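These numbers come from a predicted model, not from an experiment.
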Amino acid sequence: MKIKMLAAVLALFAITACTANKSQEAEVPAPIVLEDRSHPQIAIVYGSEAEYHVVKIMDKQMDLTGNLPRVVVRLKNTVSSKVPFEYQCIWEDEFGAPLITSSAWQRVTLPQNGEKVIVDMGKSVKAKKVTMHVRFLVDVPIWVPTPDPATMSNQPL
């Protein structure tokens, strides 16, 4: 009788422990994926979760009809203030190797709750895929020394 009672208590304890584990797992939010690779030729990479929540990709298309490929991406601002950000398109060949002809970072400002279309062309006929990086503005401070007036007056012209 004691063995049956002990077995019932242990079974109840095991069920309770499993249920508690499942409820704790359900509370953890799913991680946000900062890469959108839903298109076979276009990948979008966000710099952080903030960019992911503010700048939404509404539409993306690859135009391969001409000699050079062209990517068209429609972005939407989801907040009620202007959002300055930068993007860079890194073009890749058919095997995914980056081409050296990719463009530099471009600055764009999305109007409040507005949309903007970004168009970028591959600079090589080898370009088949593109990875577009999106991030908020990153300004790099440039230090310029201030001339000392005391030493400037002693130098001959």
Do the charged groups of [X] and [Y] touch, with an N to O distance under 4.0 Å?
{"X": "Glu86", "Y": "Arg107", "value": "yes"}
{"X": "Arg74", "Y": "Glu115", "value": "yes"}
{"X": "Asp36", "Y": "Lys60", "value": "yes"}

When you measure from the side chain of Lys123 to the backbone of Met121, do you find a donor-acceptor pair of N or O atoms at a distance under 3.5 Å? yes
Checklist entry - Between Thr78 (side chain) and His53 (backbone), is there a donor-acceptor pair under 3.5 Å? => result yes
Closest approach of [X] to [Y] (non-hydrogen atoms, all atoms of both residues):
{"X": "Phe136", "Y": "Pro84", "value": "CD2-O, 3.8 Å"}
{"X": "Val79", "Y": "Asn113", "value": "O-OD1, 2.9 Å"}
{"X": "Val45", "Y": "Glu35", "value": "CG2-CG, 3.9 Å"}
{"X": "Pro69", "Y": "Ser124", "value": "CD-O, 3.8 Å"}

Residues Val83, Thr109; criterion side chain to side chain contact (heavy atoms under 4.5 Å, CB included); working and verdict = CA-CA 5 Å; Val83 176; Thr109 299; over 6 Å; no
Hey, any chance [X] and [Y] share a hydrophobic cluster, counting ILVMFWY side chains that come within less than 4.5 Å of each other, even indirectly?
{"X": "Leu99", "Y": "Ile90", "result": "no"}
{"X": "Leu64", "Y": "Val130", "result": "yes"}
{"X": "Leu34", "Y": "Leu137", "result": "no"}
{"X": "Ile118", "Y": "Trp91", "result": "yes"}
{"X": "Val54", "Y": "Tyr52", "result": "yes"}

To the nearest 0.5 Å, what is the distance between [atom1] ([X]) and [atom2] ([Y])?
{"X": "Ile57", "Y": "Leu75", "atom1": "CD1", "atom2": "CG", "result": "4.5 Å"}
{"X": "Tyr87", "Y": "Ile44", "atom1": "OH", "atom2": "CD1", "result": "11.5 Å"}
{"X": "Lys56", "Y": "Asn77", "atom1": "NZ", "atom2": "CG", "result": "11.5 Å"}
{"X": "Arg37", "Y": "Lys129", "atom1": "CZ", "atom2": "NZ", "result": "9.0 Å"}
{"X": "Glu51", "Y": "Phe85", "atom1": "CD", "atom2": "CZ", "result": "10.0 Å"}
{"X": "Lys128", "Y": "Phe95", "atom1": "NZ", "atom2": "CZ", "result": "10.5 Å"}

Are any of the side-chain heavy atoms of Thr131 and Glu92 separated by less than 4.5 Å? yes
**Message:** Does any part of the side chain of Val72, heavy atoms only, come nearer than 4.5 Å to the side chain of Asp63, both counted from C-beta?
**Reply:** no
inquiry  = Before you tell me yes or no, could you show the steps for Val71 and Val119 under side chain to side chain contact (heavy atoms under 4.5 Å, CB included), namely the whole-Å CA-CA distance, both residues' side-chain angles and the distance that decides it to 0.1 Å?
reply    = CA-CA 6 Å; Val71 64; Val119 178; over 6 Å; no
How about [X]: does its [atom1] atom have over 12 heavy atoms from other parts shown lying under 6.0 Å from it?
{"X": "Lys126", "atom1": "NZ", "value": "no"}
{"X": "Lys82", "atom1": "NZ", "value": "no"}
{"X": "Arg70", "atom1": "CZ", "value": "no"}

Determine whether the side chains of Asp59 and Gln61 contain a donor N or O and an acceptor N or O closer than 3.5 Å. yes
